[in-house]
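Everything on this sheet refers to the single structure shown next.
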Amino acid sequence: MHGNDIRPTPWGLTNGWPVKAARAFRPLLMAGAALLIAPQLARADEGGAGFWLPGTYGSAAAEPGTPGWNIAISPYGASADAGANVVRARGIRIGDFDVTSHLQVSGRVQTDSELVLLGVTYVFAKPILGGQASLGLGGEVGRTAAFQSATVSVSVGPRQAVRSFSVRDSVVGVGDFAPIVSLAWSAGPNSFMVYGTGNVPVGYDPHRLANMGIGHGAVDGGAGYTFQNVSGDFEASAVAGFTYNLENPATHYRNGVDFHLDWATSHPLSKALNVGLVGYVYQQITGDGGAGDQVGPFMSRVVGIGPQVTYAFGLGELDASLNLKGYAELDASRRPAGYNIWLTLLPRTGAGGQPCMPERS
């Protein structure tokens with residue numbers, strides 16, 4: 001189910017421009033018209049977005065889980081804005097003429113998402129390499145929307161044309177899938193974990209501004225640590241990893257290598273209620289590339305921080321927990337930034353802190 005509303009403002013040939021003026025500015029119109037074609041603008045993974053969804057891991061991330069099945073259901077809402085550098089990233093090439101070197105762009109991109117992140121994990125009882133192994137699969141369903149407005153100046157020699165346009169798009173559907181494998185160890189107050197995951201693209205339309213999927217495969221791996229003091233009144237966790245992105249076959253654009261760090265702290269107020277802080281750091285460490293890259297390295301960065309609260313309770317014969325956390329994003333560069341809120345229900349066969357959430361951004 002899709003919604004699409006594309007409203008470019010025509011360049012010069014209509015809206016009362018004299019025909020003589022239109023002819024005089026024809027070289028500019030030919031260059032500028034390409035910026036109004038929505039299919040060329042509709043790239044959801046380029047322009048500062050990647051596979052990893054910052055904030056995926058939280059408290060007790062590295063602790064071994066209890067053998068059996070874990071299911072995570074997490075409504076996720078996010079709203080973000082970006083400026084002219086992300087708008088400009090959707091510049092294109094017309095034949096052999098690179099219009100991006102002749103453009104002055106001002107504008108903004110706004111994205112809004114209402115998703116349900118779904119994950120299922122099986123924790124094995126038999127130790128492997130002295131640790132506890134788990135296998136999982138994550139995915140998402142929901143709606144995402146994008147709005148882009150821009151004012152573009154195109155110069156060819158002494159002539160210049162200026163026009164504004166806007167593009168609005170939304171899509172409802174199913175996102176990509178993310179299989180994950182992890183291995184966790186515990187020694188006293190210290191727990192350690194390594195994981196490997198990746199992106200399996202299942203739905204992507206290069207002619208849309210909004211997409212549920214990112215349009216390319218990715219491989220991600222990393223490690224985590226959790227400290228739980230003996231008295232049980234303080235916990236801290238951190239998980240760091242790197243993402244290697246494959247080329248988007250539809251746009252021939254390849255994101256660079258990304259580094260990400262998710263961290264969390266918690267303190268019990270009662271046997272069932274915990275509060276704490278959460279945060280993340282996302283930094284692209286190598287530039288974008290591929291034949292479809294017309295904007296250079298375009299390395300993105302964002303930092304997020306916020307509060308969290310967790311409530312543990314019984315759900316029939318199962319243990320369950322409900323976690324609410326929110327992030328305000330700071331220090332963003334070359335990617336949309338705003339806020340995001342997670343509400344995660346985790347019914348499971350026993351206690352354990354290993355989440356299986358879709359790792360995409």
Side-chain angles (χ1 to χ4, degrees), residues 1-9 34-54 74-92 105 107-118 138-150 152 164-178 199-218 245 248-253 255 288 292 295 298 300 302 329 332 334-342 358-361:
M1 182 175 180
H2 304 278
N4 195 20
D5 181 14
I6 302 172
R7 295 175 181 155
T9 301
L35 296 173
L36 304 178
I37 302 175
Q40 301 298 331
L41 296 172
R43 298 182 180 178
D45 56 330
E46 295 93 276
F51 160 67
W52 185 263
L53 184 60
S74 181
Y76 172 89
S79 181
D81 288 273
N85 55 2
V86 175
V87 175
R88 186 181 176 88
R90 290 157 171 82
I92 65 164
V105 181
R108 71 185 185 96
V109 176
Q110 180 177 352
T111 61
D112 294 286
S113 300
E114 299 89 34
L115 307 173
V116 177
L117 310 179
L118 305 170
E140 62 189 42
V141 296
R143 172 184 180 273
T144 185
F147 172 76
Q148 177 173 294
S149 62
V152 183
S164 298
F165 67 92
S166 63
V167 181
R168 189 186 306 272
D169 192 16
S170 65
V171 59
V172 176
V174 178
D176 298 342
F177 291 101
N199 190 64
V200 181
V202 297
Y204 179 80
D205 184 349
H207 303 306
R208 302 191 67 97
L209 185 64
N211 265 291
M212 290 294 297
I214 63 174
H216 64 83
N245 296 283
N248 184 335
T251 62
H252 304 291
Y253 193 105
N255 287 3
D288 296 348
V295 294
F298 206 72
S300 60
V302 72
E329 294 187 318
R334 295 184 175 89
R335 63 178 282 140
Y339 67 89
N340 57 84
I341 299 173
W342 306 59
E359 294 85 7
R360 187 187 66 79
S361 75

Of the non-hydrogen atoms in [X] and [Y], which two are nearest, and what is the gap between them?
X	Y	value
Glu140	Met212	OE2-O, 3.5 Å
Tyr204	Ala250	CE2-CB, 4.1 Å
Ala210	Thr144	CB-O, 3.9 Å
Ala78	Asn340	CB-CB, 3.7 Å
Ser170	Ala145	CB-CB, 3.8 Å
Gly215	Pro249	O-CD, 3.4 Å

Exercise for the section: With the side chain counted from C-beta on, respond yes when Val174 and Val141 share a heavy-atom pair under 4.5 Å apart, and no when they do not. Expected result: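 The answer is yes; the side chains approach within 4.5 Å.
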Practice task
Report yes if some heavy atom in the side chain of Asn211 is under 4.5 Å from a heavy atom in the side chain of Asp205; otherwise report no.
Solution key: yes
Handout entry: Check: Asp288 side chain, Tyr253 main-chain N or O, donor-acceptor pair, under 3.5 Å
Key =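 No; judged by distance alone, with no hydrogens or angles, the pair does not exist.
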Practice task
Would you check if the side chain of Glu114 reaches a backbone N or O of Gly77 as a donor-acceptor pair within less than 3.5 Å?
Solution key: no
Handout entry: Qualifying residue, where the test is side-chain contact (heavy atoms from CB on, under 4.5 Å) with Pro201 and the options are Ile214, Asn248, Asp176
Key =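 Of Ile214, Asn248, Asp176, side-chain contact (heavy atoms from CB on, under 4.5 Å) with Pro201 is met by Asp176 alone.
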Problem - Separation of Phe177 CZ from Asn199 CG (nearest 0.5 Å) - result: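 It is 10.5 Å, given to the nearest 0.5 Å.
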